[in-house]
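Below: one structure, written as structure tokens.
Any value given below was found using the heavy atoms of this structure, including those in side chains, with hydrogens, waters and symmetry copies removed. Quick caveat: nothing in here was measured; it's all calculated off a predicted structure.
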Amino acid sequence: MSSRTLPLLFINLGGEMLYILDQRLRAQNIPADKAKKVMNDIITTMFNKKFLEELFKPQELYSKKALRTVFDRLAHASIMRLNQASMDKLYDLMTMAFKYQVLLCPRPKDILLVSFNHMDAVREFVKDTPSILSQVDETYQQLIEMYTALSSGEFQLIRQTLLIFFQDMHIRVSIFLKDKVQNSNGRFVLPTSGPVPHGTQIPGLIRMFSCTGEEVNRLQFSNGGNYTNALREGSFEMFGERVTKLGTNMYSVSRPVETHMSGTSKNSAQHTKVSAAPNPLAKEELNLLAKLMGGLEVQKPGNTDSGFRVNLFATDEEEEEALVSRPDELSYGVLNIQATKDQQASAELAKIMGEFTEAGDQSPSSSSKGDDLLAMMDGL
């Protein structure tokens with residue numbers, strides 16, 4: 001497991017979240033000023049300096065539910081509200097899109113190019129807001145400094161860590177199904193055609209050498225695909241052509257996006273069902289997450305800002321049906337963790353709750369923004 005994976009996971013999932021929210025804000029005809037405020041607030045929070053300082057420290061990945069909690073808070077960093085069904089769908093789309101990109105990367109190092117594609121899009125979202133743009137540019141520098149010098153083996157370890165994180169996720173997404181890159185069981189179809197990775201040759205030739213290094217024979221074989229020569233390498237600088245399209249906005253052309261639980265996912269969820277007994281590592285992970293989230297400075301909406309709800313489904317009825325039909329094993333339940341005896345942790349959590357408490361009403365749901373953060377950890 002690589003200890004350098006978390007920043008790439010967060011930035012790429014965050015980029016996918018911004019793509020989806022931007023598309024839904026436009027689809028629901030949200031006024032331009034409110035839509036811009038939502039995007040700016042989320043990006044400001046996502047690229048907060050203190051938050052990124054914690055994020056870029058070498059560390060293990062958080063659990064799926066802990067990371068989901070971070071994005072739940074991030075999505076509600078502005079005046080926009082999502083109910084549970086829409087948040088579930090948003091997270092499903094984010095994770096499956098990035099999983100697809102990781103699987104299709106020709107080389108492990110190309111995961112960094114995918115990250116830069118997401119960063120390029122984020123920069124475009126805030127190009128007219130210099131203060132936020134400087135935060136994004138600073139993150140570019142951190143990515144370049146941390147990752148461009150890594151070896152191919154270290155990138156392979158990062159890719160393996162990401163695939164382990166995604167291995168039980170098999171959500172069917174309508175865009176992928178229509179493009180025939182995903183099967184009905186939620187698994188992706190890997191291509192056997194197209195350009196080979198940069199720095200490699202088209203498979204199909206075996207060369208044999210003598211002990212002196214002289215080539216003595218050649219054999220050809222069928223490679224079973226339709227491969228072409230490698231494309232030029234993408235730019236790993238702050239500005240430049242990335243070459244790969246992985247990580248670019250697939251929602252730029254408006255079309256409905258639906259998600260469905262596959263049978264495989266339902267079965268695997270049975271095996272990963274969270275035990276009612278507290279995880280012995282939960283408090284440690286909670287403290288790490290509290291520290292990470294403690295760096296976030298979420299702005300409270302002023303009294304003049306009227307909140308609004310965004311629906312990731314075509315109708316409210318579809319949203320309600322999705323909430324009811326979602327398997328219980330994949331719902332984000334509550335596990336109370338008695339960690340309040342630690343005064344330092346309590347102070348940190350109190351700070352977090354204060355930062356994330358929003359003025360005004362939330363979307364119609366049973367929980368409020370003032371709920372104890374410990375009850376929001378979703379069974380760590």
Solution key, residues 1-10 side-chain donor-acceptor pairs under 3.5 Å, sequence neighbours excluded:
{"unit_1": "S2", "atom_1": "OG", "unit_2": "R4", "atom_2": "N", "d": "3.1"}
{"unit_1": "T5", "atom_1": "OG1", "unit_2": "S2", "atom_2": "O", "d": "3.3"}

Task: Close side-chain approach of D120 to E124, heavy-atom, < 4.5 Å - done: no

Open item on the list: Considering only residues two or more places apart or on different chains, which pairs with a residue in residues 207-232 satisfy ring-ring contact (aromatic ring centres under 6.0 Å, His included)?
Closed with: none

- [ ] Decide whether N12 and S115 meet the rule of one side-chain donor and one side-chain acceptor closer than 3.5 Å.
- [x] yes

- [ ] Determine, stepwise, if the pair R107 / E233 fulfils salt bridge (charged side-chain N to carboxylate O under 4.0 Å, His left out).
- [x] CA-CA 11 Å; R107 303 175 302 171; E233 187 173 32; 3.1 Å; yes

Open item on the list: With side-chain contact (heavy atoms from CB on, under 4.5 Å) as the criterion, how do N217 and L219 come out once you've worked through the C-alpha distance, each side chain's angles and the decisive distance to 0.1 Å?
Closed with: CA-CA 7 Å; N217 194 16; L219 294 176; 4.3 Å; yes

TODO: Answer whether the closest heavy-atom distance between the side chains of H76 and L82 falls below 4.5 Å.
DONE: yes

Task: Student check: side-chain heavy atoms of M17 and L13 closer than 4.5 Å - done: no

Task: ILVMFWY cluster, M119 and M238 together (side-chain gap under 4.5 Å) - done: yes

Open item on the list: Taking atom CD as the centre, does E214 end up with more than 12 heavy-atom neighbours from other residues, nucleotides or ligands that are less than 6.0 angstrom away?
Closed with: no

Open item on the list: Could you report the tightest heavy-atom contact between S235 and R242, atom names first, then the distance?
Closed with: O-NH1, 2.8 Å

- [ ] Find the distance between CZ (F125) and CD1 (I43) and round it off to the nearest 0.5 Å.
- [x] 6.5 Å

Task: M80 and K34: CA distance, side-chain angles, deciding distance, side-chain contact (heavy atoms from CB on, under 4.5 Å) verdict - done: CA-CA 9 Å; M80 178 192 68; K34 287 188 175 183; over 6 Å; no

Open item on the list: Using the rule given for side-chain contact (heavy atoms from CB on, under 4.5 Å), can you reason through L90 versus L21, listing the C-alpha separation, both sets of side-chain angles and the distance that settles it, and then say yes or no?
Closed with: CA-CA 8 Å; L90 173 63; L21 294 180; 4.2 Å; yes

Task: Side-chain heavy-atom pair Q182, R187 within 4.5 angstrom cut-off - done: no

Task: Polar contact flag, side-chain donor to acceptor under 3.5 angstrom, R123-Y140 - done: yes

Task: Pairwise distance CD(Q167) to NZ(K99) - rounded to 0.5 angstrom - done: 8.5 Å

- [ ] First locate atom CG of L52, then atom CD of Q135, and finally report the distance between them rounded to the nearest 0.5 Å.
- [x] 8.0 Å

Open item on the list: Could you check whether any side-chain heavy atom of I158 comes within less than 4.5 Å of a side-chain heavy atom of Y147, counting everything from C-beta outward?
Closed with: yes

Sequence neighbours excluded and cut-off under 3.5 Å, please list the side-chain donor-acceptor pairs for residues 190-207, or say none.
{"unit_1": "H198", "atom_1": "ND1", "unit_2": "L231", "atom_2": "O", "d": "3.3"}
{"unit_1": "T200", "atom_1": "OG1", "unit_2": "P197", "atom_2": "O", "d": "2.5"}

Open item on the list: I need the D179 CG to Y100 OH distance, nearest 0.5 Å.
Closed with: 7.5 Å

- [ ] Would you give the length of the straight line joining atom OG of S151 to atom NZ of K109, rounded to the nearest 0.5 angstrom?
- [x] 10.0 Å

- [ ] Kindly give the heavy-atom pair with the smallest separation between G186 and M96, and that separation in Å.
- [x] O-CE, 4.0 Å

Task: Whether F71 and Y91 hold their rings parallel, tilted or perpendicular, with breakpoints at 30° and 60° - done: tilted

Open item on the list: Is it the case that the side chain of N48 and the backbone of F51 share a donor-acceptor pair, with hydrogens and angles ignored and the cut-off at 3.5 Å?
Closed with: yes

Task: Main-chain N/O of N185 paired with H170 side-chain donor or acceptor, under 3.5 Å - done: no

Open item on the list: Tell me whether L157 shares a hydrophobic cluster with F98, the cluster being built from Ile, Leu, Val, Met, Phe, Trp, Tyr side chains joined at under 4.5 Å.
Closed with: no

Open item on the list: Show the nearest heavy-atom pair for residues M250 and A97, with the distance to one decimal.
Closed with: CE-CB, 4.0 Å

- [ ] Quick one: pull up CD in Q220 and CG in N223 and give me the separation to the nearest 0.5 Å.
- [x] 10.5 Å

Task: Derivation of the salt bridge (charged side-chain N to carboxylate O under 4.0 Å, His left out) call for R68 and D92 - done: CA-CA 10 Å; R68 159 64 192 259; D92 288 344; over 6 Å; no

Task: Closest heavy-atom pair and its distance - Q156, P108 - done: OE1-CG, 3.1 Å

Open item on the list: Could you tell me if Q59 and E54 have a donor-acceptor pair between their side chains, going purely by distance under 3.5 Å?
Closed with: no

Open item on the list: Within the structure provided, determine whether V122 and F47 are in side-chain contact (heavy-atom separation under 4.5 Å).
Closed with: yes

Open item on the list: Looking at K50 and E53, is there a salt bridge between them, counting it only when a charged N and a carboxylate O are closer than 4.0 Å?
Closed with: no

Open item on the list: Consider side chain to side chain contact (heavy atoms under 4.5 Å, CB included). Of D41, T44, D137, which one does I132 pass it with?
Closed with: T44

Open item on the list: Taking S131's backbone N and O only, do any of them form a donor-acceptor pair with S134's side chain (distance below 3.5 Å, no angle check)?
Closed with: yes

- [ ] Decide yes or no on side-chain contact (heavy atoms from CB on, under 4.5 Å) for L103 and L163, but give the supporting numbers first.
- [x] CA-CA 8 Å; L103 283 170; L163 291 177; 3.7 Å; yes

Task: Considering all heavy atoms, the nearest C105-V114 contact - done: SG-CG2, 3.7 Å

Task: Ion pair check, D33 and K37, cut-off under 4.0 Å - done: no

- [ ] Evaluate the side-chain proximity of M39 to K36: yes if any heavy-atom separation is below 4.5 Å, no if none is.
- [x] no

Open item on the list: Using only atom types and a distance under 3.5 Å, with no angle test, would you say the side chain of N183 pairs donor to acceptor with the backbone of F188?
Closed with: no

Task: Cluster overlap F155 with V243, hydrophobic side-chain contacts below 4.5 Å - done: no

TODO: For residues N83 and S86, determine if any side-chain heavy atom of one lies less than 4.5 Å from a side-chain heavy atom of the other.
DONE: yes

